[in-house]
Participant: 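Shown below is the structure under consideration.
No hydrogens, no waters, no symmetry mates; every other heavy atom, side chains included, goes into these values.
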Amino acid sequence: MHRRIIAPGALASATLLLAIPASAASYSPGAPGIGDPYYPAYGNGGYDVSHYDLRLKYQPATDELEGTATLLARTTQDLSRFNLDFVLDVGEVRVNGAEAAFRASGEHELEITPRTPLPKGTAVTVVVRYRAVPSTKQAYGFTGWHRTPDGGIGANEPEAAWWWFPSNDHPLDKATYDVSVAVPDGTQAISNGTLQSTVSRLGWTRYNWRSNKPQATYLATLAVGKFDITTGRTDSGVPVINAYSKDLGDNYGAARASVERTGEIAEWLSGYFGKYPYNALGGYVPNTTTGYALETQTRPFYSPRQFANGSNVSVVVHELAHQWYGDLVSVAGWKDIWINEGFARYAQWLWSEHEGEGTAQELADHVYASHPADDGFWTVKPGDPGPDNQFHLAVYDRGALALQALRNEVGDGAFFALLKGWPQKYAHGNASVAAFRAYAEEVSGKPLAAFFDTWLFQPSKPGASAARGASISARDPGTKGAPGRPESWKKIAATNGVHEHPEW
C-alpha cells in the first residue's frame with residue numbers, strides 16, 4: 001500500500017479550485033497586443049471599444065493634463081483582466097462602477113483587473129482618472145506629445161493616443177468620440193469633428209468636440225494653443241474649421257494660402273473617391289518643430305515646415321485624400337500601409353493633372369526612370385514594407401507607380417470605378433492589400449495576382465518587359481525619348497517627409 005503525499009500548499013490550491021465555479025476556468029486575460037506583426041504590443045485583445053468620452057483640463061504653462069476617460073466597450077471573450085494602451089499617471093480605474101485594480105506594465109500598458117470577471121458579450125464601462133505632464137513621458141525612446149510655445153499637440157502615427165487618453169490603440173478598433181477640453185481663457189482647444197459648444201467659467205473655457213463616425217485612435221488629435229480660426233462651408237454644405245497658430249511667423253501666409261483651399265480640394269477629390277464621408281472638415285497648423293503632416297480625421301495636422309518654401313497645396317491634397325484612403329477605410333494591419341500612402345500620393349498625381357503640371361502617366365514614367373535597378377528604392381516592397389520602412393519613400397512613389405500601372409492594365413473605366421467603389425465597399429471599416437487585389441479583379445474581370453506581385457511585392461525593379469506591358473516608359477534617363485521631369489515634381493517631392501518622424 002502506498003500513501004500519496006499531498007503538500008499543504010497543493011492541498012490549499014486544490015481546495016481553492018474546487019471552490020471556484022467550473023465556468024470560471026474559461027476566464028482569461030485579454031492579450032496585451034491586438035495581433036499586428038509589425039507592432040505586437042499595440043492594441044489589445046478581449047474587448048472592442050465603441051465610444052470614448054474624454055473630459056480633460058490642460059494648463060499650457062506647465063503642460064499638465066488632467067483627464068477622466070470613459071470608454072464604452074463590449075467583451076469579445078470571457079475576460080479576467082484586460083489592457084489599455086497608456087503612459088500617463090493613473091489615479092483611479094472603475095469598471096462598471098466598481099473600483100478595479102490596475103498597474104502599469106511594459107512600455108505602454110495599463111493592466112486592469114475588474115472586481116469580478118467579465119463574460120463574453122458583456123457591455124463594459126471603463127472610467128480612468130489620470131494626471132501627468134505628457135511631454136515628460138516616453139515609450140520606446142520617443143514621445144507622441146509635442147510641446148509648443150503656447151500649448152501642446154497630440155498627433156503621431158502609428159501611435160499618439162497613449163500621451164493623452166487610454167485606448168485600444170490599433171486601427172482595427174474604431175470608435176466615436178466626445179472630446180471636452182478646458183483651457184485658460186484666450187487659449188483654444190482644437191480636435192476632430194464638429195464643435196458642439198464652448199462654455200466659459202472662472203477663467204477657463206471648455207471646448208466640446210464630437211466625432212460621430214468611427215475613428216481610429218491614431219487619427220484622434222488634440223491641439224491646445226492660441227490660434228487664428230477661420231470657418232466656412234464647402235459647396236456641398238460641409239462646415240470647415242481651420243486653425244493657424246498666431247506665431248507661425250514667415251510661414252503664416254503660405255500655410256493659410258494652402259489650407260484655406262481645403263473645401264475646394266475635398267470637393268474635387270469627391271469626384272474621384274465618392275462623397276466626402278464626414279460632417280466636418282478642416283486643418284490646423286500649430287507652431288511645432290515637427291516636420292510631418294498627418295491625416296487626423298476631418299482635421300489634418302500640418303507642420304509649419306510644410307510651408308517653409310511657400311504655399312504647398314499638394315500636401316493638403318495628400319492629407320485630404322487620406323480621409324477616404326486611411327480614415328474611412330483603414331488598414332487591417334500596418335503592413336497594408338500602401339492602401340493609405342500609395343493612394344494619397346496618387347491623388348497628388350491626379351492634382352498635378354488637374355493643374356496642368358504633368359500627368360499621372362508622366363509622373364509614373366519619371367519615377368520608374370529616375371531610380372536605377374540597383375537603387376535601394378526598389379528593395380522596399382510597398383505591399384509589405386516592414387515596420388522599419390513603413391513610411392519609406394518607396395511606399396509613396398513606388399506605391400503610386402503601381403497604381404498608374406494598374407490603371408493602364410485595367411483601363412480608365414475599371415480603374416476609376418475601383419477608386420470610387422473601394423471606399424464605399426469598406427466604409428468605416430478595415431481592409432488589406434489582398435482584399436484590394438481581390439476587389440480589383442472583381443471590378444476589372446482580370447486575374448491580377450502576378451501583376452500585384454511584380455509591382456508591390458518583389459524587392460526589385462520591375463523589368464523593362466513588365467514596364468512596357470503596363471505602359472510605363474522603360475527608356476533610360478538621358479536617352480532619346482526618355483521621360484523628363486514634370487513641372488509638379490518639385491512640389492510633390494517637397495511633401496516626401498510628410499510622415500517622417502526624426503525621433504524614431
Side-chain angles (χ1 to χ4, degrees), residues 33-34 36 38-39 41-44 49 52 54 56 58 63 65 67 69 71 83-88 106-110 128 130 132-148 151-177 179 181 189-193 209 211 214-225 243 283-286 288-303 319 322-323 326-327 330-331 334 337 340-341 387 390-391 497-504:
I34 208 166
D36 193 309
Y38 278 21
Y39 303 100
Y42 287 23
N44 304 286
V49 181
Y52 292 91
L54 308 177
L56 311 173
Y58 179 75
D63 194 39
L65 178 69
L71 286 65
N83 286 19
L84 294 174
D85 299 301
F86 200 43
V87 298
L88 301 189
E107 291 273 349
H108 71 280
E109 301 287 344
L110 175 64
V128 181
Y130 53 97
V133 176
S135 60
T136 66
K137 303 293 184 179
Q138 289 199 344
Y140 307 100
F142 68 91
T143 177
W145 182 264
H146 309 288
R147 283 288 269 143
T148 63
I153 308 147
N156 211 340
E157 183 183 14
E159 67 292 284
W162 312 345
W163 286 270
W164 64 286
F165 68 97
S167 67
N168 190 14
D169 192 27
H170 192 276
L172 281 174
D173 194 357
K174 295 184 177 184
T176 54
Y177 287 73
V179 178
V181 190
I190 307 296
S191 191
N192 312 81
W209 295 89
S211 296
Q215 177 176 283
T217 43
Y218 85 97
L219 298 173
T221 192
L222 173 64
V224 177
Y284 74 94
V285 190
T288 175
T289 58
T290 57
Y292 59 89
L294 186 63
E295 62 269 20
T296 42
Q297 192 161 305
T298 70
R299 192 152 290 109
F301 156 79
Y302 301 97
S303 160
E319 301 308 332
H322 277 311
Q323 303 305 305
D327 296 10
S330 300
V331 295
W334 282 111
I337 192 66
N340 293 15
E341 302 304 344
Q390 188 176 345
F391 301 110
V498 289
H499 288 172
E500 285 181 0
H501 303 253
E503 70 271 17
W504 292 358

Participant: Can you see which heavy atom on Gly144 is nearest to which on Asn156, and at what distance?
Facilitator: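 Closest approach of Gly144 to Asn156, heavy atoms only: CA-ND2, 3.5 Å.
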Participant: Working note: His322 + Glu341, criterion side-chain contact (heavy atoms from CB on, under 4.5 Å); need CA distance, chi angles, decisive distance, verdict.
Facilitator: CA-CA 8 Å; His322 277 311; Glu341 302 304 344; 3.0 Å; yes
Participant: Where do Asp85 and His108 land on the side-chain hydrogen bond (donor to acceptor under 3.5 Å, both in side chains) test, with the steps shown first?
Facilitator: CA-CA 6 Å; Asp85 299 301; His108 71 280; 3.0 Å; yes
Participant: Taking all non-hydrogen atoms of both residues, which atom of Asp169 and which atom of Glu159 are closest, and how far apart?
Facilitator: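 The pair with the smallest heavy-atom distance is OD2-CB, 3.5 Å.
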Participant: Start with the C-alpha gap between Asn83 and Glu109, add the side-chain angles, then the distance that decides, and say whether side-chain hydrogen bond (donor to acceptor under 3.5 Å, both in side chains) holds.
Facilitator: CA-CA 6 Å; Asn83 286 19; Glu109 301 287 344; 3.0 Å; yes
Participant: Out of curiosity, Leu219 CG to Ser330 OG, how far, rounded to the nearest 0.5 Å?
Facilitator: 6.0 Å
Participant: Tyr39 and Gln390: side-chain hydrogen bond (donor to acceptor under 3.5 Å, both in side chains), yes or no, with the steps?
Facilitator: CA-CA 11 Å; Tyr39 303 100; Gln390 188 176 345; 2.5 Å; yes
Participant: Any side-chain heavy atom of Leu294 within less than 4.5 Å of one from Thr221?
Facilitator: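 No, their side chains stay 4.5 Å or more apart.
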Participant: Might you point out which heavy atoms bring Pro300 and Glu319 nearest each other, and give the distance in Å?
Facilitator: CB-CB, 3.8 Å
Participant: Please evaluate residues Val179 and Tyr52 with respect to the criterion side-chain contact (heavy atoms from CB on, under 4.5 Å), reporting the C-alpha separation (whole Å), side-chain torsions for both, the decisive distance (0.1 Å), and the verdict.
Facilitator: CA-CA 8 Å; Val179 178; Tyr52 292 91; over 6 Å; no
Participant: Specify the closest pair of heavy atoms between Ser167 and Ala161, including all atoms of both residues, with the distance to one decimal.
Facilitator: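 Of all heavy-atom pairs spanning Ser167 and Ala161, the closest is OG-CB, 3.6 Å.
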Participant: Mind checking whether Tyr302 and Tyr284 have side chains closer than 4.5 Å, heavy atoms only?
Facilitator: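 No, their side chains stay 4.5 Å or more apart.
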Participant: side-chain hydrogen bond (donor to acceptor under 3.5 Å, both in side chains) between Asp63 and Ser135: does it pass, once the steps are laid out?
Facilitator: CA-CA 7 Å; Asp63 194 39; Ser135 60; 2.6 Å; yes
Participant: Any side-chain heavy atom of Val133 within less than 4.5 Å of one from Trp145?
Facilitator: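 Side chain of Val133 against side chain of Trp145, heavy atoms only: no contact under 4.5 Å found.
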Participant: Pair Leu172, Tyr42 - check side-chain contact (heavy atoms from CB on, under 4.5 Å), show working.
Facilitator: CA-CA 11 Å; Leu172 281 174; Tyr42 287 23; over 6 Å; no
Participant: Restricting to non-hydrogen atoms, name the atom on Arg299 and the atom on Gly283 that form the minimum distance, rounded to 0.1 Å.
Facilitator: CG-N, 3.8 Å
Participant: Could you tell me which non-hydrogen atom of Asp327 sits nearest to which non-hydrogen atom of Thr296, and how far apart they are?
Facilitator: OD2-C, 4.3 Å
Participant: Hey, could you give me the CG/CG distance between Asn44 and Asn168, rounded to the nearest 0.5 Å?
Facilitator: 5.0 Å
Participant: Would you call the rings of His146 and Tyr292 parallel, tilted or perpendicular if under 30° counts as parallel and over 60° as perpendicular?
Facilitator: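 Aromatic pair His146/Tyr292 classed perpendicular.
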Participant: Side chains of Trp164 and Leu56, heavy atoms from C-beta outward: is any pair under 4.5 Å?
Facilitator: yes
Participant: Treating Asn192 as the side-chain partner and Thr298 as the backbone partner, does any N or O pair qualify as donor plus acceptor under 3.5 Å?
Facilitator: no
Participant: Does any N or O in the side chain of Gln297 come within less than 3.5 Å of the main-chain N or O of Pro214, such that one atom is a donor and the other an acceptor?
Facilitator: yes
Participant: Heavy-atom distance under 4.5 Å between the side chains of Thr148 and Ile153, does that happen here?
Facilitator: yes
Participant: Applying the ring pair (Phe, Tyr, Trp, His ring centres under 6.0 Å) test to Phe86, which of Trp163, Phe165, Tyr130, Trp162 qualifies?
Facilitator: Tyr130
Participant: Is any side-chain heavy atom of Pro286 closer than 4.5 Å to a side-chain heavy atom of Phe301?
Facilitator: yes
